[in-house]
**Q** 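Quick one: structure below, then a few questions.
Proteins come first, then strands; the chains are lettered A, B, ... in the order of their sequence lines, and each starts at number 1.
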There are 2 protein chains.
Amino acid sequence: MAGAATVEKALDVLFHLHDAGEAVGLSDIGRALNLPKSSCHRLLSSLMDREMVDRDEWGRYRPGLALLSLGIGAQRREPVVSAARPILEREAEGLGETVFLIGLRHRRLRVLDKVEGSGFLRAAPRIGDVVPADITAAGKLYSVFGEGGDELSPAETREIAGRGAAVNRDAWINGLSVLAVPVWQESGQGPGDLVAVLAVAAASPRFDRLGENEIETRLLAGAASIGERMSAGGVSRRHDRIGRKPR
Amino acid sequence: MAGAATVEKALDVLFHLHDAGEAVGLSDIGRALNLPKSSCHRLLSSLMDREMVDRDEWGRYRPGLALLSLGIGAQRREPVVSAARPILEREAEGLGETVFLIGLRHRRLRVLDKVEGSGFLRAAPRIGDVVPADITAAGKLYSVFGEGGDELSPAETREIAGRGAAVNRDAWINGLSVLAVPVWQESGQGPGDLVAVLAVAAASPRFDRLGENEIETRLLAGAASIGERMSAGGVSRRHDRIGRKPR
DNA sequence: TTGAAACGTTCCATTAATGGGAACACTGTA
DNA sequence: TACAGTGTTCCCATTAATGGAACGTTTCAA
């Protein structure tokens, strides 16, 4: 709404390079975004000065490695990520399947971290990606236990609430089964805060061979460990700073 | 040089948030960068719209998670990263120490990937960080075998060239020893291309207990595997695109 | 070999976005 | 209560971004 138009155009360029998947030429960018070549060139120059954009050997543009430093920095500031890392690795190793840590940020579900399993088929979402809220097991959990998320049928809501876990079979990606459990952080008083979701994704046959119960008990234990590590690990709720809450 | 000043200011803000380490208030940003509050506010609004910047519960600003998606995307485009990943994991597991993959990008050495070992002391550089070229083992390798890098004494150059590996003890970080080997990609004709450096960092006592020879032979084998995987794994040198080389 | 069409780059007058002061509502401190 | 600090929103003269046109190369088709 209110904003610096130039910055938004620069971000358009940056995200376009990200979405493109492969390196893109200047003229292609201009056509895709309805920007004159000279504007593109100027924006890209500024982005390249900070290595937000890089060029391949043919001069085409692609996202730069400064983004990696910034992105890892952003991830590092998420307390739940450092608390969950060891558990993600342990469960990915134990189950042999990919384990996700998914959080609600900016009203959208994002993959905060993941550790891949040894299976031949691996789930597609990458770290940092947004995942759809309405059809994923993580989305179901947030709509039942969290604040965001869409509404669910009363029957399904009751089942998930009672079970403390959500399952998704083939709805998101065909042939893929997912089981997700909530990660609670105890806040001292009242019920805990839903800080993330722990999920395992596996090809459906493999998922069945492991067994829902086995997966569920492992994940529930893992989620509990993460919650404990967050409460213990100095996630001190500092209130000693000046300023007011947004909105 | 030629550029969009607004974009550069926005990037100033972004990198400032990254460097700050903790969330920063609007006025603090303005003071640090000599920008008026209204300008900061506008820039931050545009950055927040795309989740390049996020706010904590007190309204202070911090890097946003969209950067994570973009950064992982940039990393994924580095062929050497995907080729090296399994080797990094294997060696980090086998040696129990942190293994780095470092590449020369934009005339600077960057940590392209790393896998942490089990040791209590872990090396500090993070994925995406720039490491100094003049005092690191990786820098020495690039100055001997690569194009960039600073000059080295003839004696040291001869030793590294003959050995095919570089060692650094306490020069970079006190108490830390590093051994690095080059990763060559065979290009069909002529000598291979130096595409990255594989390095192990360990606390000096632990480093000695493992033994330089043991580390070196393991790393050399690992680097050879990476080179093979790159040549085999479809790093096809496509020349079917339009465009000319830069500069 | 020649022409046309693509590429990325540079220039510059026009125009639109920006800077930065001032005023705002608000919170914690003296 | 008064004060100093937040973050937010106006506003207008000034400034800096804009984008069309021209340029030199490279590639491809004729």
Side-chain angles (χ1 to χ4, degrees), chain A residues 1-14 16-17 20 22-50 52-62 64 106 237-247, chain B residues 1-14 16-17 20 22-50 52-64 237-247:
Chain A
M1 213 144 279
T6 311
V7 175
E8 283 166 19
K9 278 174 222 166
L11 295 180
D12 281 340
V13 170
L14 207 51
H16 178 71
L17 293 181
E22 61 175 2
V24 188
L26 180 75
S27 302
D28 282 336
I29 301 171
R31 271 188 295 270
L33 303 177
N34 281 322
L35 285 175
K37 287 197 288 183
S38 52
S39 301
C40 280
H41 187 262
R42 189 156 8 95
L43 297 172
L44 286 164
S45 296
S46 294
L47 291 169
M48 276 181 53
D49 284 346
R50 302 302 259 288
M52 305 287 280
V53 164
D54 206 349
R55 316 187 66 172
D56 66 7
E57 44 186 328
W58 299 285
R60 295 174 307 180
Y61 297 89
R62 62 179 173 198
H106 252 254
R237 300 193 156 270
R238 296 172 54 184
H239 280 276
D240 52 347
R241 266 299 202 119
I242 323 171
R244 61 165 178 179
K245 289 203 181 186
R247 285 284 124 237
Chain B
M1 209 145 280
T6 311
V7 175
E8 283 166 20
K9 279 172 224 162
L11 295 180
D12 282 340
V13 170
L14 208 51
H16 178 71
L17 293 181
E22 60 175 2
V24 188
L26 180 79
S27 302
D28 283 337
I29 301 171
R31 271 189 294 270
L33 303 177
N34 281 324
L35 285 176
K37 286 199 290 184
S38 55
S39 300
C40 280
H41 187 70
R42 198 166 359 159
L43 296 172
L44 286 163
S45 295
S46 293
L47 291 169
M48 277 181 51
D49 284 347
R50 301 303 261 285
M52 305 287 279
V53 163
D54 206 349
R55 316 187 66 173
D56 66 6
E57 43 187 329
W58 298 284
R60 296 175 307 179
Y61 296 90
R62 62 180 175 198
R237 298 193 158 272
R238 299 173 53 185
H239 281 276
D240 52 348
R241 265 304 202 115
I242 324 170
R244 62 166 179 180
K245 290 204 180 189
R247 281 288 117 240

**Q** If you check every side-chain atom of R55(B), which of dT9(C), dG20(D), dT8(D) has the closest atom?
**A** dT8(D)
**Q** Within the 4.5 Å heavy-atom criterion, are I29(B) and L35(B) side-chain neighbours or not?
**A** no
**Q** Taking the side chain as C-beta and beyond, is there a heavy-atom pair between R31(B) and D28(B) under 4.5 Å?
**A** yes
**Q** How close do E8(B) and D49(A) get, heavy atom to heavy atom, and via which atoms?
**A** OE2-OD2, 3.9 Å
**Q** Using atom CD1 of I29(A) as one end and atom P of dG8(C) as the other, report the distance to the nearest whole Å.
**A** 8 Å
**Q** Just to confirm, is there a sub-4.0 Å distance from OP1 or OP2 of dG8(C) to any side-chain nitrogen or oxygen of H41(A)?
**A** no
**Q** Using heavy atoms to find the nearest nucleotide of DNA chain D for T6(B) and L26(B) separately, return the residue whose nucleotide is more 5′.
**A** L26(B)
**Q** Could you tell me the separation between the CG atom of D54(A) and the CG atom of L47(A), rounded to the nearest 0.5 Å?
**A** 11.5 Å
**Q** From NZ of K37(A) over to C1' of dA21(D), roughly how many Å is that when rounded to an integer?
**A** 11 Å
**Q** Can you find a side chain N or O atom of K9(B) that sits less than 4.0 Å from OP1 or OP2 on dG19(C)?
**A** yes
**Q** Are any of the side-chain heavy atoms of R62(A) and L17(A) separated by less than 4.5 Å?
**A** no
**Q** Picking from dT9(C), dG7(D), dG19(D), which would you name as closest to the side chain of S27(B)?
**A** dG7(D)
**Q** Specify the separation, in whole Å, of atom CG of D28(B) and atom P of dT6(D).
**A** 6 Å
**Q** With a cut-off of less than 4.0 Å, is there a side-chain N or O of S38(A) near OP1 or OP2 of dT9(C)?
**A** no
**Q** Just jot down the salt bridge (charged side-chain N to carboxylate O under 4.0 Å, His left out) partners of R50(A), sequence neighbours excluded, or say none.
**A** D12(B)
**Q** On the nucleotide dT18(C), are OP1 or OP2 found under 4.0 Å from the side-chain N or O atoms that S39(B) carries?
**A** no
**Q** For L43(B) and R31(A), take the nucleotide of DNA chain C holding the closest heavy atom to each; which residue's nucleotide lies nearer the 5' end?
**A** R31(A)
**Q** Roughly how many Å is it from CG in D56(A) to C1' in dG8(C), rounded to a whole number?
**A** 13 Å
**Q** Which whole-number value in Å describes the distance from Y61(B) OH to dG7(D) P?
**A** 7 Å
**Q** To the nearest 0.5 Å, tell me how far S39(B) OG sits from R42(B) CZ.
**A** 5.5 Å
**Q** May I have the distance from L44(B) (atom CG) to dT18(C) (atom P), rounded to whole angstrom?
**A** 14 Å
**Q** Can you measure N34(B) atom CG to dG19(C) atom P for me and round it to whole angstrom units?
**A** 13 Å
**Q** How far does the helix from dT1(C)-dA30(D) to dA23(C)-dT8(D) bend, going by the axes of its first and last five pairs, to the nearest 10°?
**A** 50°
**Q** Can you tell me the distance, in whole Å, between the CH2 atom of W58(A) and the P atom of dT25(D)?
**A** 23 Å
**Q** It should be established whether R42(B) places a side-chain nitrogen or oxygen under 4.0 Å from OP1 or OP2 of nucleotide dC10(D).
**A** no
